[in-house]
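For the numbers below, each heavy atom of this structure counts, side chains included, while hydrogens, waters and symmetry mates do not.
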Amino acid sequence: MKLGTKFIHAGVEPDPSTGAIMTPIYQTSTYVQQGPAENKGYEYARSQNPTRTALEAAFAAIENGRHGLAFSSGVAATDAVIKLLQPGDEVITGNDLYGGTYRLFTKVFEKFGIKFHYVNTQDAASLRQHVNEKTKLFWIETPTNPLMNITDIATVASIAKEAKALLCVDNTFASPYLQNPLDLGADIVMHSATKYLGGHSDVIQGCLMMNDTALRDQLYFIQKSCGAVPGPQDCFLVLRGIKTLHVRMQRHCENGEKIAHFLRNHPKVARVYWCGFEDHPNHAIAKKQMRAFGGMMSFELKDDSMDAVKKVMTSTKIFALAESLGGVESLINHPATMTHASIPREERIKNGLSDALIRLSVGIEDVEDLIEDLDNAIG
Ligand SMILES: *Cc1c(COP(=O)(O)O)cnc(C)c1O
């Protein structure tokens, strides 16, 4: 089945009681049982909810996985994966991670005795160098947020296999429309469904997809034991969002390409970070593992003073100054003080994330209006 058909039909069957074509919002906390421990597979809504069941089937299908699990946020999904580990275990991960992931690793899990190595995941030798008998998990993002670095998923999957460790890929930036890490050898895919999957900036949610049933059962146990489950209304919104993912993504990609080129040709812009440029350092890998290059990009002005940066960020009329990404509306963000403020400045600068970097989440408005808005703001 092709992508668009799959995104519309994945996981959804007409409701058995009425034939409703859209999965109803089962707003209930519990289910009446026929006798003690005799039920229709639904006991209590932290463990199961029919709206969530439909969404979890859709999650599995859109990443070509056997299983999907929904969480109340992207970080809750990440949290569940790390809870597979024991004190003393080690994780090899990237050095330009999403700020909230970095905060969860450093501020929450390090104190429970889990060790994280932050390395350049584009460098296979450096990944191998950190492997030892305690290595249990590789955690990567590609493209990275906000520098749009590309890591070869198949290469990391083979290193993880040699190390007998799991590979989890945060696929939020690409979305399943652009890239499917399970097909490239990853064990788990994670998404912040808050972003492209929901797509309308109206819900916080996360998910995990995987093929291995024993791994699914372990993660399901964590999901119900720790309780970070999304409510049925939020599940409905994401289920609806997924139905238009391909149409939205197609426009995100078209607009993204035009804006990346516009910025690159602008006399006041010093540098544009977008993996669709042929001279992007890992463009060949991006081309190999992604279907197109998306609407996320970052840029720096030639004038890297904070005044110049601030002027652009506060002058756009259509691009809204806000955290988050992947919604229908265009957003502009200052990673150093917003999404990535929890990463220490020296660490940030060392990894190439300057104070002057501006990130765009290009929406699906008419591109002529978006270009005019940026042109006016850059001046
Ligand atoms: C937003 C985001 C997260 C965290 O997801 P929440 O839904 O905000 O908890 C994780 N990874 C990436 C790449 C993100 O953009």
message: Would the distance check show the side chain of H280 and the main-chain N or O of A286 forming a donor-acceptor pair, the cut-off being under 3.5 Å?
response: no

query: Mind checking whether M190 and L137 sit in one hydrophobic cluster, side chains of I, L, V, M, F, W, Y counted as touching below 4.5 Å?
result: yes

- prompt: Is there a side-chain contact between L245 and P176, using heavy atoms and a 4.5 Å cut-off?
  reply: yes

task: Return yes if some donor-acceptor pair links the side-chain N/O of W274 with the main-chain N/O of G295 below 3.5 Å, else return no.
output: no

query: Counting heavy atoms not belonging to E278, are there more than 12 under 6.0 Å from its CD?
result: no

- prompt: Should the ring pair F7 and H246 be called parallel, tilted or perpendicular, given that the plane angle runs from 0 to 90° and is split at 30 and 60?
  reply: tilted

N/O donor to acceptor pairs below 3.5 angstrom from side-chain atoms of residues 316-328, sequence neighbours left out:
unit_1	atom_1	unit_2	atom_2	d
T316	OG1	F319	O	2.7

- prompt: If we only count heavy atoms from C-beta on, is the K310 to H334 side-chain gap below 4.5 Å?
  reply: no

Check: Q48 side chain, E43 main-chain N or O, donor-acceptor pair, under 3.5 Å: yes

message: Looking at N282 and C275, would you say the former's side chain and the latter's main chain have a donor-acceptor pair under 3.5 Å?
response: no

task: Would you sort out whether M249 and L178 count as a side-chain contact (heavy atoms from CB on, under 4.5 Å), showing the intermediate values?
output: CA-CA 8 Å; M249 284 307 296; L178 297 182; 3.9 Å; yes

message: Can you give me the closest heavy-atom contact between P50 and T23, atom names plus distance?
response: O-CG2, 4.3 Å

- request: Using the side-chain contact (heavy atoms from CB on, under 4.5 Å) rule, take K136 and Q86 through it: C-alpha gap first, then chi angles, then the decisive distance, then the call.
  value: CA-CA 9 Å; K136 293 287 150 54; Q86 306 285 334; over 6 Å; no

query: Using the ring of each side chain (for Trp, its six-membered ring), is F293 parallel, tilted or perpendicular to H283, with breaks at 30° and 60°?
result: tilted

- request: Any side chain to side chain donor-acceptor pair (under 3.5 Å) involving residues 204-219? Give me the pairs, sequence neighbours left out, ordered by first then second residue.
  value: R66-T213, H67-T213

- prompt: For K288, which residues count as a side chain to side chain donor-acceptor pair (under 3.5 Å) partner, sequence neighbours excluded?
  reply: D152

- prompt: Taking a hydrophobic cluster as the set of Ile, Leu, Val, Met, Phe, Trp and Tyr residues connected by side-chain heavy atoms closer than 4.5 Å, whether directly or through intermediates, do W139 and V75 fall within one such cluster?
  reply: no

message: With heavy-atom distances below 4.5 Å as the criterion, would you say the side chains of T53 and Y42 are in contact?
response: yes

query: Is there a donor-acceptor contact under 3.5 Å from the side chain of Q122 to the main chain of N149?
result: no

- request: With the side chain counted from C-beta on, respond yes when F109 and L85 share a heavy-atom pair under 4.5 Å apart, and no when they do not.
  value: no

message: Test your reading of the model: is there a side-chain donor-acceptor pair from T51 to the backbone of Y26, 3.5 Å cut-off?
response: yes

side-chain contact (heavy atoms from CB on, under 4.5 Å) assessment of N333 paired with S361: CA-CA 8 Å; N333 170 285; S361 171; over 6 Å; no

message: Donor-acceptor check, side chain of N49 to backbone of A45, threshold 3.5 angstrom: yes or no?
response: no

field: Side chains of H191 and E63 in contact at under 4.5 Å (non-hydrogen atoms)
entry: yes

task: Not counting sequence neighbours, which residues clear side-chain contact (heavy atoms from CB on, under 4.5 Å) with A76? List them please.
output: F71, S72, S73, A228

- request: Check each of T151, T155, T144, N95 against T121 using the side-chain hydrogen bond (donor to acceptor under 3.5 Å, both in side chains) test, and report the only one that passes.
  value: T151

task: Can you establish whether the number of heavy atoms outside K6 located under 6.0 Å from its atom NZ is more than 12?
output: yes

task: Would you confirm whether E56, through its side chain, and A70, through its main-chain N or O, come within 3.5 Å as a donor-acceptor pair?
output: yes

- prompt: Has E13 got more than 12 heavy atoms of other residues, nucleotides or ligands less than 6.0 Å from its CD?
  reply: no

- prompt: Ion pair present between D79 and K83, side-chain N to carboxylate O less than 4.0 angstrom?
  reply: yes

field: Taking every non-hydrogen atom, the tightest pair across F59 and A193
entry: CZ-CB, 4.4 Å

- request: Test L263 against L360 for side-chain contact (heavy atoms from CB on, under 4.5 Å), laying out the working first.
  value: CA-CA 11 Å; L263 287 172; L360 300 180; 3.9 Å; yes

task: With sequence neighbours excluded, give me every side chain to side chain donor-acceptor pair (under 3.5 Å) pair touching residues 102-119.
output: E90-H117

field: Co-membership, hydrophobic cluster, residues F105 and I188, 4.5 Å side-chain
entry: yes

task: Verify the cluster assignment for L197 and I8: are they in a single hydrophobic cluster under the rule of side-chain heavy atoms below 4.5 Å apart?
output: no

message: Measuring from atom OG of S47 to atom CZ of R52, what distance do you get when rounded to the nearest 0.5 angstrom?
response: 7.5 Å

query: Is the backbone N or O of F262 less than 3.5 Å from a side-chain atom of H266, with the two atoms forming a donor-acceptor pair by type?
result: no

query: What's the spacing between S330 OG and D373 CG if we round to 0.5 Å?
result: 8.5 Å

- request: Check whether any side-chain heavy atom of V12 lies under 4.5 Å from a side-chain heavy atom of K243, and answer yes or no.
  value: yes

query: Parallel, tilted or perpendicular for H252 and Y196, by the 30°/60° rule?
result: perpendicular

- line: Nearest heavy-atom approach of G88 to K134 is O-CD, 3.4 Å

Selection residues 347-366 - residue pairs positive for salt bridge (Lys or Arg N to Asp or Glu O under 4.0 Å), sequence neighbours left out: R345-D355, E347-K350, R348-D355

query: Does a donor on one side chain sit under 3.5 Å from an acceptor on the other, for D170 and T172?
result: yes

- prompt: Can you tell if the side chain of V189 reaches within under 4.5 Å of the side chain of Q179, non-hydrogen atoms only?
  reply: no

- request: Enter the distance from L127:CG to I159:CD1 here, rounded to the nearest 0.5 Å.
  value: 5.0 Å

- prompt: Does a salt bridge link D202 with R240, judged by any charged N lying under 4.0 Å from a carboxylate O?
  reply: no

message: Side chains of H340 and L357, heavy atoms from C-beta outward: is any pair under 4.5 Å?
response: no

query: Where is the tightest heavy-atom contact between G256 and V362, given as atom of each residue plus distance?
result: N-CG1, 4.0 Å

query: According to a 4.5 Å side-chain heavy-atom criterion applied to Ile, Leu, Val, Met, Phe, Trp and Tyr, with indirect links allowed, do F173 and L97 form part of one hydrophobic cluster?
result: no

query: Which atom names give the shortest non-hydrogen contact between A61 and A10, and what distance separates them?
result: CB-CB, 3.6 Å

- request: Keeping the roles fixed (side chain from D234, backbone from G231), state whether a donor-acceptor pair exists under 3.5 Å.
  value: no

- prompt: Are Y177 and Q250 close enough, and set up right, to give a side-chain hydrogen bond (donor to acceptor under 3.5 Å, both in side chains), and what steps lead you there?
  reply: CA-CA 9 Å; Y177 178 81; Q250 191 182 345; 4.8 Å; no

message: Please give me the minimum heavy-atom distance between Y31 and Y44, naming the atom from each residue.
response: CD1-N, 3.6 Å

